Amino acid sequence: MNDLGSIPGETLRLDIDEAGIERSARLLRSGGLVAFPTETVYGLGADASDAEAVARIYAAKERPSFNPLIAHLPGLDAARREGVFDGLASRLAEAFWPGPLTLVVPAASGGTVSDLARAGLPSVALRVPANPVALSLLEKVGRPVAAPSANRSGRVSPTRAEHVLADLDGRIAAILDGGSTPVGLESTVVACLDGRARLLRPGGVTREAVEAILGFALDAGHESADAPIGPGLLASHYAPRAAVRLEASRVEPHEAALLFGPVDPPGAEAATARLNLSAAGDLREAAAALFSALRRLDEVGTGTIAVAPIPRTGLGEAINDRLRRAAAPR
């Protein structure tokens with residue numbers, strides 16, 4: 001096995017006990033790639049201060065190098081050593097960390113997150129995850145850990161260890177198997193730059209919750225998809241192999257169906273395969289099930305996945321954002 005995960009080899013599947021976490025930390029400190037669970041999805045970790053290790057993430061994921069990575073840290077004190085937190089960023093960090101919120105802030109002059117992980121930008125994306133395994137691992141590593149979702153770039157994000165192995169087996173050193181991730185959507189990304197707060201990506205913390213802490217409406221992101229300042233902003237992202245048809249009021253016989261709520265659209269009974277994100281119409285349940293459902297429908301081998309309408313309020317904003325990216329031309 002190649003411990004660094006720089007060339008194909010065996011990927012270790014480690015338990016989330018003391019030994020597994022300690023071995024994962026050693027691999028990360030030596031420049032290896034380790035997938036680990038967070039409360040959102042599985043992240044593909046590398047030492048964010050080691051440009052060569054970060055380059056291995058891009059190689060394993062086949063990810064465009066201009067797309068910046070989130071650096072994960074065990075707490076706010078560690079995050080303040082990497083980024084400059086104004087009053088807005090501080091309020092959001094204190095309210096939502098640990099949790100599914102990423103803050104894009106100016107990079108601190110003494111910060112260690114590599115230029116490659118920041119995609120050459122003067123800002124840095126930081127997060128403190130709300131997962132005890134992840135926090136224990138980050139404490140043991142003692143360095144910022146860059147960790148985009150542990151999948152091939154553009155593919156559906158992983159919410160179980162099996163999803164990670166389906167994309168990256170043999171490409172990374174190890175995976176810490178923590179079972180299913182509870183949130184199922186990536187973190188919300190908010191940029192706190194130049195005295196403004198902008199929502200760059202909806203996610204596990206709703207817009208309404210962020211605005212309630214700030215006391216005002218978030219600015220729209222309006223960032224270039226060709227040169228994004230935050231992670232997860234490419235126009236085509238989270239994509240299954242099948243085409244994705246949104247707002248489907250009817251399911252055609254040759255299509256698989258991704259449903260929501262108690263009432264199925266016409267034609268759903270004849271779909272090649274069908275899954276309901278939440279028969280009860282619960283957006284939290286739907287968010288947690290989204291990526292797993294897309295993967296399962298994709299495995300059927302259908303040419304098109306028809307997606308029933310999903311409300312755009314609360315977590316529905318993030319769900320529709322991911323579906324829009326999954327449906328984008330590629």
Side-chain angles (χ1 to χ4, degrees), residues 38-40 43 48-49 54 66-131 134-135 138-139 141-148 183 185-225 227-234 314-315 317-318 321:
T38 74
E39 78 281 22
T40 57
S49 67
V54 172
F66 50 74
N67 200 1
L69 304 178
I70 299 170
H72 292 67
L73 299 141
L76 180 53
D77 288 345
R80 290 188 188 278
R81 292 192 286 272
E82 300 297 332
V84 178
F85 284 67
D86 63 12
L88 299 178
S90 294
R91 284 157 61 188
L92 293 176
E94 290 164 1
F96 296 111
W97 281 357
L101 175 70
T102 293
L103 294 174
V104 177
V105 297
S109 58
T112 62
V113 176
S114 68
D115 184 70
L116 183 58
R118 293 186 289 107
L121 297 169
S123 56
V124 62
L126 304 172
R127 184 163 96 87
V128 178
N131 178 291
L135 291 174
L138 294 169
E139 287 280 5
V141 174
R143 304 167 190 169
V145 172
V183 175
L185 285 174
E186 291 88 348
S187 60
T188 299
V189 180
V190 175
C192 294
L193 302 168
D194 303 321
R196 299 169 58 202
R198 286 176 287 168
L199 179 64
L200 300 184
R201 180 181 77 182
V205 175
T206 65
R207 175 197 296 267
E208 293 86 348
V210 172
E211 291 178 344
I213 294 298
L214 294 176
F216 57 82
L218 287 161
D219 289 345
H222 299 304
E223 301 301 333
S224 167
I229 69 166
L233 302 181
L234 296 179
L315 282 176
E317 181 181 18
D321 172 81

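Values in this document were obtained by computation on a predicted structure and should not be read as measured data.
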By side chain to side chain donor-acceptor pair (under 3.5 Å) - contacts of T206 (at least two apart): none

Gap between atom CG of L126 and atom SG of C192 - 0.5 Å precision: 11.0 Å

Closest heavy-atom pair and its distance - A191, L200: CB-CD1, 3.8 Å

Minimum heavy-atom distance L315-G204, with the two atoms named: CD2-O, 4.0 Å

Donor-acceptor pair, side chain of E82 and main chain of V113, under 3.5 angstrom: yes

Audit row: V105, V84, side-chain contact (heavy atoms from CB on, under 4.5 Å) steps and yes/no: CA-CA 6 Å; V105 297; V84 178; 5.6 Å; no

Close side-chain approach of L135 and V128, heavy atoms under 4.5 Å: yes

Minimum heavy-atom distance E211-A217, with the two atoms named: OE2-CA, 3.5 Å

Approximate separation, where rounding is to 0.5 Å, of L92 CG and L214 CG: 4.5 Å

For A93 against F85, the heavy-atom pair lying closest together: CB-CE2, 4.1 Å

Closest heavy-atom pair and its distance - E39, A130: OE1-N, 3.0 Å

Partners meeting side chain to side chain donor-acceptor pair (under 3.5 Å) with R207 (sequence neighbours left out): E317

Gap separating the CG atom of L76 from the CG atom of L103, nearest 0.5 angstrom: 9.5 Å

Pairwise side-chain contact, V104 with P68, heavy-atom cut-off 4.5 Å (strictly under): no

T40 and R127, any side-chain heavy atoms less than 4.5 Å apart: yes

Nearest heavy-atom neighbours spanning A147 and H72: O-CE1, 3.2 Å

Nearest-0.5 Å distance, OG1 of residue T38 to CD of residue E186: 9.0 Å

E94 vs I213, side-chain contact (heavy atoms from CB on, under 4.5 Å): CA-CA, chis, key distance, verdict: CA-CA 10 Å; E94 290 164 1; I213 294 298; over 6 Å; no

pair P100-L185: side-chain heavy atoms closer than 4.5 Å: no

D194 side chain to R196 backbone, donor-acceptor under 3.5 Å: no

Sub-4.5 Å side-chain heavy-atom contact between W97 and L73: no

Side-chain donor or acceptor of T188 paired with backbone N/O of L101 under 3.5 Å: no

No-hydrogen, no-angle side-chain donor-acceptor test under 3.5 Å, S187 and T102: yes

V210 side chain near F96 side chain, heavy-atom distance below 4.5 Å: yes

